[in-house]
Every structure is written in structure tokens, then in C-alpha cells.
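What follows is a set of notes on a single structure, which appears directly below.
We number each residue from 1, following the sequence as shown. Just so you know, these numbers use all the heavy atoms, side chains as well, and skip hydrogens, waters and symmetry mates. On a predicted model such as this, the values are computed, not experimentally measured, just so you know.
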Amino acid sequence: LQKREREEGSRFEVEKDNNFDTLLEKKSRKKWESRRKQREEKMAFEHYNKQQRILSNCPLCLPNKGIEPGQILTESPNAYICHPLRCCLTKYHCWIIPKEHFLGLSMADEETIEEIRNFQKSLV
């Protein structure tokens, strides 16, 4: 009888230890997940700030002082044509620049692409 009680007592202790271990694992997992979430939020915030710094210093944006009014040949609501800021490749070299920032022309909306194509057609 005493042997049985000892075995049951040791089983209880083992179960108690396992429950304690799972509680510790859950706490450490929650702590790790909260740290990961904080790290991701911090990285996203830093990325946003970096992107805003870059966009605010863009030499091709009209509000910036990178392009002088005399360089702009023509302008539409979504794009404009201007002389290059630095040396030209050819005598009649010009730039067609969208007014919004895009990673690529494929990311632009249809109106902007249409205006750029119209500018290209008028230049040829």
C-alpha cells in the first residue's frame, strides 16, 4: 500500500512538473512572440521613416528645388516633360516623369501610363 502511494505521489509530482514546464514554455513563447512583434513594428517604422526621407529629397519632384521652372517643357495632371538635370545624351534629350513615385511603370495607374504614352507619341 505504501509502495502504491509512493508511485502515485511520484506520478503526481511528474505531472506537476510537466504542467509547470508547459506553463514556462507558454510564458517564454508569449514573451518571444511579443519581442518579435515589437521588433517587426520597429523595423516597419524605421523603413517608413527612411522611405519618407528619400521621397522628401527626390530631385525630380516638382515641389523640390531640383527642377527649375525653365526646365519643364509641358505638364499634365499626372506627368511632365523636362530637360535633364545634368548633361544630355543627345541634342533633344528629355525626360517624361510621373508626378507620383512608383517602383516601376507597371505599378502606375492607367491614367498616368496613358499620359506618358501620349507624351511619347507627341515627341516622335
Side-chain angles (χ1 to χ4, degrees):
L1 186 65
Q2 289 177 352
K3 188 176 181 183
R4 181 185 258 178
E5 286 176 3
R6 285 185 202 154
E7 288 177 7
E8 287 178 8
S10 63
R11 280 187 209 157
F12 177 73
E13 288 175 10
V14 168
E15 287 177 13
K16 187 177 176 182
D17 287 342
N18 285 341
N19 289 339
F20 183 72
D21 289 341
T22 55
L23 286 175
L24 284 176
E25 287 175 14
K26 285 180 183 179
K27 277 189 169 184
S28 64
R29 189 177 314 124
K30 284 182 182 179
K31 189 175 183 181
W32 181 82
E33 287 175 359
S34 68
R35 284 183 182 167
R36 182 183 53 83
K37 188 175 180 180
Q38 287 174 349
R39 191 170 43 249
E40 286 176 356
E41 288 173 357
K42 182 181 176 184
M43 288 175 60
F45 183 73
E46 289 173 357
H47 177 71
Y48 174 78
N49 285 338
K50 181 180 178 181
Q51 185 178 16
Q52 291 305 312
R53 268 193 323 272
I54 291 169
L55 293 178
S56 67
N57 295 328
C58 178
L60 301 177
C61 286
L62 287 179
N64 288 348
K65 297 178 182 176
I67 295 179
E68 298 173 8
Q71 288 180 299
I72 298 174
L73 301 173
T74 185
E75 188 176 355
S76 68
N78 295 319
Y80 63 95
I81 297 177
C82 73
H83 290 291
L85 299 175
R86 296 176 193 94
C87 62
C88 298
L89 297 177
T90 64
K91 185 177 180 181
Y92 299 107
H93 182 199
C94 64
W95 288 346
I96 302 173
I97 302 172
K99 289 186 178 178
E100 288 186 50
H101 288 269
F102 299 106
L103 293 176
L105 195 56
S106 61
M107 303 293 281
D109 57 353
E110 290 180 25
E111 293 175 11
T112 304
I113 293 172
E114 184 178 337
E115 288 180 11
I116 290 173
R117 285 193 180 136
N118 289 339
F119 280 146
Q120 288 173 338
K121 290 175 187 176
S122 67
L123 291 173
V124 174

Without placing hydrogens or testing angles, list every side-chain donor-acceptor pair under 3.5 Å for residues 117-124, not counting sequence neighbours.
from	atom 1	to	atom 2	distance (Å)
Asn118	ND2	Glu114	O	3.4
Ser122	OG	Asn118	O	3.4
Ser122	OG	Phe119	O	2.8

List, one per line, each side-chain donor-acceptor pair under 3.5 Å for residues 36-53, sequence neighbours excluded.
from	atom 1	to	atom 2	distance (Å)
Arg36	NH1	Glu40	OE2	3.1

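Of the inter-residue distances, the one linking Ile81 atom CD1 with Leu73 atom CG reads 6.5 Å to the nearest 0.5 angstrom.
Its side chain outside the 4.5 Å cluster rule for every partner, Ile54 clusters with none of the Ile, Leu, Val, Met, Phe, Trp and Tyr residues.
Taking all atoms of both residues into account, the shortest heavy-atom contact from Thr112 to Phe102 is CG2-CE1, 4.2 Å. Here the closest non-hydrogen pair linking Pro84 and Cys94 is CD-CA, 4.1 Å.
Cluster annotation: Leu105 and Ile96 are assigned to the same hydrophobic cluster (Ile/Leu/Val/Met/Phe/Trp/Tyr, side-chain heavy-atom contacts under 4.5 Å, transitive).
A salt bridge (charged side-chain N to carboxylate O under 4.0 Å, His left out) check over residues 93-110, counting only residues at least two apart or in different chains, returns the pairs Glu75-Lys99.
Here Ser76 pairs with Glu115 under the side chain to side chain donor-acceptor pair (under 3.5 Å) rule; sequence neighbours left out.
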